[in-house]
Amino acid sequence: MVKYLTYEVFMKFLKFGVVGLSGVIVDFSLTYLFRNILKVNQYLANAIGFTVAASTNYFFNRVWTFKSSNPEVMVEYGEFLLISIIGLGINSFILWVMVSKLKRHFYFSKLIAIGITMIWNFIANLIFTFN
């Protein structure tokens, strides 16, 4: 476990956060475009935004954050998407508990859920996807 607590890992975590922020912008922009402008079903619009954001996040994390040279790109991409989908489940569950059960403010709860999910996504990708 100690080998994972280094300056290099901290810098990767910061880069992962920057990439994640760009993913949020991509996700929200595409969801808005498809839902509000193109009048696509909101759940399909959300799925499109999530999938494109996860895909761009994979690319930037592969190239910039983790500098992966794994030739098995599709396997690596699949692992990244699976971890992202699990993260989405974690995020949704935390949000549901905090809002529905603990009666916390939605956006405060969303912030907490994003923080916890980001830690999950980073650790899982560091250990499994980009190891």
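Basis for what follows: all heavy atoms, side chains included, without hydrogens, waters or symmetry-related copies. Keep in mind the model is a prediction, meaning the values are calculated, not measured.
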Query - F106 atom CZ, over 12 foreign heavy atoms within 6.0 Å - result: yes
Query raised in the report: Would you say I112 and Y107 are hydrophobically clustered, going by side-chain heavy atoms of ILVMFWY under 4.5 Å?
Result: no
Query - For the student: nearest non-hydrogen atoms of N57 and G23, plus distance - result: OD1-CA, 3.3 Å
Query raised in the report: Is the shortest heavy-atom distance from the side chain of T6 to the side chain of V9 under 4.5 Å?
Result: yes
Requested in this report: Nearest 0.5 Å please: distance from the CG atom of L111 over to the CE atom of M98.
Outcome: 9.0 Å
Requested in this report: Check S109 against R104 and note the closest heavy-atom contact, atom names and distance.
Outcome: OG-CB, 3.3 Å
Report task. Could you tell me whether the side chain of T51 and the main chain of I48 form a donor-acceptor pair under 3.5 Å? Result -> no
Query raised in the report: If every non-hydrogen atom of S84 is compared with every non-hydrogen atom of F50, which pair is closest and at what distance?
Result: O-CZ, 3.9 Å
Query raised in the report: In the single-linkage hydrophobic clustering (I, L, V, M, F, W, Y; side-chain heavy atoms under 4.5 Å), do L82 and L88 co-cluster?
Result: no
Query raised in the report: Between E76 and Y58, is any pair of side-chain heavy atoms under 4.5 Å apart?
Result: yes
**Report entry** Flag for D27-T31: side-chain donor and acceptor within less than 3.5 Å
**Finding:** yes
Requested in this report: Consider only side-chain heavy atoms of I, L, V, M, F, W and Y, link residues closer than 4.5 Å, and tell whether V97 and I94 are in one cluster.
Outcome: yes
Query raised in the report: Does the side chain of T129 come within less than 4.5 Å of F66's, by heavy atoms?
Result: no
Query raised in the report: Which heavy atom of Y77 sits nearest a heavy atom of S55, and at what distance?
Result: OH-OG, 2.5 Å
**Report entry** E72 side, atom CD; E79 side, atom CD - distance, nearest 0.5 Å
**Finding:** 10.0 Å
Query raised in the report: Going hydrophobic residue to hydrophobic residue with side-chain gaps under 4.5 angstrom, can you get from I116 over to W120?
Result: yes
Query raised in the report: Between the side chain of S29 and the main-chain N/O of V26, is any donor-acceptor distance below 3.5 Å?
Result: no
Requested in this report: Please name the pair of heavy atoms, one in F128 and one in I83, separated by the smallest distance, quoted to 0.1 Å.
Outcome: CB-CD1, 4.4 Å
Report summary line: CG of L95 to CD1 of I90, rounded to nearest 0.5 Å, is 13.5 Å
Query raised in the report: Taking all non-hydrogen atoms of both residues, which atom of K12 and which atom of T65 are closest, and how far apart?
Result: O-CG2, 3.3 Å
Query raised in the report: Do L126 and F16 come within less than 4.5 Å of each other through their side chains, counting heavy atoms only?
Result: no
Query raised in the report: Just wondering, do W96 and K101 contact through their side chains at under 4.5 Å, heavy atoms?
Result: yes
Query raised in the report: Are the side chain of R62 and the backbone of N70 linked by a donor-acceptor contact shorter than 3.5 Å?
Result: yes
Report summary line: Rounded to the nearest 0.5 Å, the OH atom of Y32 sits from the CG atom of L38 at a distance of 11.0 Å
Query raised in the report: Do L33 and L30 pass the side chain to side chain contact (heavy atoms under 4.5 Å, CB included) test, and can you show the C-alpha distance, the side-chain angles, and the key distance before you say yes or no?
Result: CA-CA 5 Å; L33 170 70; L30 287 176; 4.2 Å; yes
Query - Distance, nearest 0.5 Å, that separates CG of L14 from CZ of F122 - result: 9.0 Å
Query - Heavy-atom side-chain proximity of N46 to F34 below 4.5 angstrom - result: no
**Report entry** Single-linkage hydrophobic cluster, 4.5 Å side-chain cutoff, W64 and L21 together
**Finding:** no
Report task. For the residue pair V24 and F28, establish whether any side-chain heavy-atom pair is separated by less than 4.5 Å. Result -> yes
